[in-house]
Visitor: 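Below you will find the structure I want to go over with you.
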Amino acid sequence: MPLKPVRVRFAPSPTGPLHIGGLRTAIYNYLYAKKHGGEFILRIEDTDRKRYVQGAEDYIIRALEWMNIPFDEGPGKETNNASYRQSERSTIYKTYIKQLLDNGKAYIAFDSSESLDTHRKEHELKGKTFIYNWHNRNKLDNSLNLSKEEVSKRLEKNVPYVVRFLSPDSKKLVLHDVIRGTMEIDSSLLDDKILFKSDGMPTYHLANVVDDHLMEISHVIRGEEWLPSLALHILLYEAFAWDPPIFAHLPLILKPEGKGKLSKRDGAKGGFPVFPLAWEDSIGYKEEGYFPDALLNYLSLLGWNPGTDQEIFNKQQLISLFELERVHKAGARFDPEKTKWYNHEYLQHRTPAELTQAFLPILQSQIKETRVFNPSVTSSPKYIETTLILLKERATFVKDFWPLGEFFYHTPESYNEKAVRKRWKPNTNLLLKDLNSEFERVEDFSANHLEELTKNWITKKEYSFGEVMPPLRLAIVGDLKGPHLFDIMSVIGKEETIRRINMAIDKL
Ligand code: GLU
C-alpha cells in the first residue's frame with residue numbers, strides 16, 4: 001500500500017479525439033486510484049494553443065463518461081476554485097518560472113528561430129548535432145552572456161524570448177520507474193529545454209511538473225512516449241526542491257501486425273474503430289455497438305494481466321486485481337478480433353430484458369408494418385426476449401439481432417435462390433404439404449413436440465432428413481440459417497408456420 005494518499009491524473013492535450021492508447025492510460029489511472037481508495041483527476045493540458053482542437057475536451061469527458069470511469073476532480077468538478085485547464089492557470093506558472101530564474105536554475109534566451117536554424121545547419125555540415133546546452137549556451141544570445149541591463153532593456157522593448165532550463169553538465173541521474181525499473185542517464189546529454197515562452201504560456205514540461213506538484217499527484221502513470229522527458233522532469237523537481245511522484249510509463253499499443261504504434265490509419269485499413277466515440281468521419285466503439293464494460297475489460301488486459309488465464313473481469317475485479325508492477329514493458333499488440341470476442345462474451349451475460357431494451361430501437365427502425373405478422377404478439381417484450389435468447393449465441397453486437405432474426409418478425413418474401421436450387425426437389429411440395437397437414441392437427445406446438453413428431457413422420461414415411469429439413473427451413477426462414485428450426489416454429493406459432501409452408505409451396 002502506498003504511503004501518500006493516492007492521487008493520479010489523466011492529462012490529455014485536447015488536440016483531437018481520445019485514441020485507444022490514451023483511453024487505456026486513463027483506465028490504468030482509474031484502476032490504480034480506485035484500488036487504493038484514491039482520487040482520479042482529469043487535467044486538460046491545453047497550453048499549446050496552435051494544436052488546440054475545438055470540441056476535443058468535451059469529447060474526452062464524454063468518452064470517460066461512456067466508459068464509466070468517472071474522474072473525481074477535473075473540469076466541472078473543481079475543488080478550491082482552481083482550474084484543471086492549464087490555459088486558465090498561466091499566472092501560476094509565471095510565479096514558478098520566476099522562482100527558477102531567481103534561483104539561477106533557468107535563463108532567458110533571445111535567439112531567433114532563424115539564428116538557431118543557422119547554428120543547426122553549420123553543425124550538420126560538420127557532421128555534428130546542435131544541442132542548446134552546456135556545449136554552446138555560453139556562445140548564444142541569452143541572459144547567461146548578456147548584462148542584466150541589456151536583458152532588462154530587451155524585455156522592456158518586448159523582444160521575444162523563451163525561458164530555458166539550465167541543465168546540469170555532468171550529473172549521473174538515477175531514474176526510477178515502477179514498470180521499467182532503474183535507469184541511469186548522464187545529464188550532459190540533455191538539452192536546455194524551453195520551459196516558458198514570451199506569449200505568457202508555459203511549455204508542457206513546466207506546466208506538467210508544476211501541476212503534478214500543486215495537485216499533489218502521487219503517481220504519474222502515462223504513455224511510454226513521455227519516458228524521454230523523465231530526466232528533465234526529475235531535474236525540475238530537484239530545482240524546485242520538491243519530492244517527485246512515482247512514475248510508471250505504460251507500453252505502447254501496437255498495430256495488429258505487431259510492429260509500430262497503432263494509428264488511426266490502421267483502424268481505417270482494418271475496418272475497426274480506434275476511438276471510443278465517433279469523431280468527424282470516424283466511427284467509434286460506441287457507435288459500432290460495443291459495450292463499454294467489454295471494451296474496459298479488453299483494454300485493461302492490453303499490457304497488463306493478473307497472472308492467470310482468466311479473461312473476463314468486471315470493473316470491480318479489475319480494480320481489486322490491478323497492479324502497476326505487473327504492467328508489461330513490451331508493447332501490446334492490438335487485436336480487433338479479440339475486442340469482438342469480448343463483446344460477444346459480454347452479450348451472452350446480458351439479461352434478456354437488457355438485450356430487449358437495447359434492441360428495441362433497432363427493431364423499430366427496421367421493421368416494416370406491411371410485412372410484420374401478428375403485430376400484437378411480435379411487438380411484446382416477452383416475444384422479443386424469447387427470440388433474443390435463441391439468437392444471442394450467434395450475435396456479437398445487439399445490432400446483429402436484426403439480420404440474424406428478421407424472420408421472427410417478417411414473413412419471408414423471397415428465398416435464398418442457391419439453396420432453393422439445391423434443396424427444393426420435384427417431390428418437395430408434396431412432401432411439405434403432407435407434413436403441413438400433420439402440423440395442422442397438432443395441439444402442442446412446443447419445439448420438443450414438433451421435433452419428435454417430425455422425426456417420427458420422417459421415419460414412418462421413409463424419407464431422409466436431408467429431403468425434409470432443409471426445405472422446411474427454407475419455407476420458415478427463407479434461408480438455411482438460423483437457430484434450431486423447431487424453436488423458430490414454436491416461437492412464430494402454429495398459424496404462421498402453416499402459412500409460411502403453404503406460401504413456399506405456392507411460390508417455389
Ligand atoms: N499532455 C500529455 C499528453 O497529451 C500528458 C503527458 C503526461 O501524462 O505527463 O499525453
Side-chain angles (χ1 to χ4, degrees), residues 6-33 38-53 55-61 63-64 69 71 73-75 83-90 93 165 175-180 193-197 201-237 240 242 244-253 261-264 274-276 279 299 303 324 327:
V6 168
R7 287 174 58 81
V8 297
R9 85 304 191 275
F10 177 50
S13 298
T15 54
L18 194 53
H19 173 276
I20 279 297
L23 184 58
R24 190 204 48 186
T25 302
I27 293 172
Y28 283 10
N29 273 283
Y30 174 85
L31 295 178
Y32 191 78
E39 308 294 323
F40 171 51
I41 293 150
L42 174 66
R43 185 173 73 224
I44 303 295
E45 301 209 323
D46 57 351
T47 55
D48 188 349
R49 302 312 280 177
K50 286 198 286 297
R51 293 184 61 220
Y52 181 80
V53 172
E57 177 186 319
D58 175 60
Y59 177 99
I60 292 163
I61 293 176
L64 299 182
I69 49 170
F71 53 90
E73 293 171 27
S83 177
Y84 289 81
R85 245 175 240 122
Q86 291 187 326
S87 61
E88 293 167 358
R89 296 169 63 82
S90 54
Y93 311 122
F165 184 61
L175 308 175
H176 300 283
D177 179 284
V178 180
I179 299 164
R180 281 145 219 281
K193 276 269 182 307
I194 298 176
L195 300 178
F196 202 85
K197 291 168 289 171
M201 280 293 184
T203 59
Y204 155 74
H205 302 292
L206 180 76
N208 187 271
V209 165
V210 166
D211 282 347
D212 283 344
H213 172 72
L214 294 180
M215 294 179 182
E216 295 176 33
I217 299 303
S218 60
H219 295 71
V220 167
I221 304 167
R222 63 184 173 192
E224 172 182 292
E225 63 272 30
W226 300 104
L227 194 57
S229 302
L230 182 58
L232 170 65
H233 294 186
I234 291 293
L235 287 170
L236 276 168
Y237 281 99
F240 283 117
W242 294 335
I246 292 167
F247 287 92
H249 289 86
L250 306 176
L252 288 180
I253 296 185
K261 191 173 157 185
L262 180 73
S263 74
K264 186 176 157 189
V274 292
F275 303 135
W279 176 264
L299 291 180
L324 274 178
V327 172

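As the structure lists them, so they are numbered: ligands from 1, and atoms in each ligand from 1. Quantities reported herein were computed from a predicted structural model and do not represent experimental measurements.
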Visitor: Where is the tightest heavy-atom contact between Trp279 and Val53, given as atom of each residue plus distance?
Guide: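 Trp279 and Val53 have their closest heavy atoms at CZ2-CG1, 3.8 Å.
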
Visitor: Is any side-chain heavy atom of Asp211 closer than 4.5 Å to one of Tyr93?
Guide: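 Yes, side chains in contact.
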
Visitor: For the residue pair His219 and Tyr32, does the interplanar ring angle fall in the parallel (under 30°), tilted (30 to 60°) or perpendicular (over 60°) class?
Guide: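 Correct class here is tilted.
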
Visitor: Could you go through ligand 1 and list every pair where one of its N or O atoms sits under 3.5 Å from a protein N or O, giving the atom names and the distance to one decimal?
Guide:
| residue | atom | partner | partner atom | Å |
| --- | --- | --- | --- | --- |
| ligand 1 | 1 (N) | Ala11 | O | 2.8 |
| ligand 1 | 1 (N) | Ser13 | OG | 3.0 |
| ligand 1 | 1 (N) | Glu45 | OE1 | 2.6 |
| ligand 1 | 4 (O) | Ser13 | N | 3.3 |
| ligand 1 | 4 (O) | Ser13 | OG | 3.2 |
| ligand 1 | 8 (O) | Arg9 | NH1 | 2.7 |
| ligand 1 | 8 (O) | Arg9 | NH2 | 3.4 |
| ligand 1 | 9 (O) | Arg9 | NH2 | 2.9 |
| ligand 1 | 9 (O) | Tyr204 | OH | 2.9 |
| ligand 1 | 9 (O) | Asn208 | ND2 | 3.0 |
| ligand 1 | 9 (O) | Arg222 | NH1 | 2.9 |
| ligand 1 | 10 (O) | Trp226 | NE1 | 3.2 |

Visitor: Taking only residues two or more places apart in sequence or in another chain, which ones pass ring-ring contact (aromatic ring centres under 6.0 Å, His included) with Phe247?
Guide: none

Visitor: Taking the six-membered ring for Trp, are Tyr204 and His233 ring centroids under 6.0 Å apart?
Guide: yes

Visitor: Measuring only between side-chain heavy atoms, which start at C-beta, is Ile61 closer than 4.5 Å to Pro75?
Guide: yes

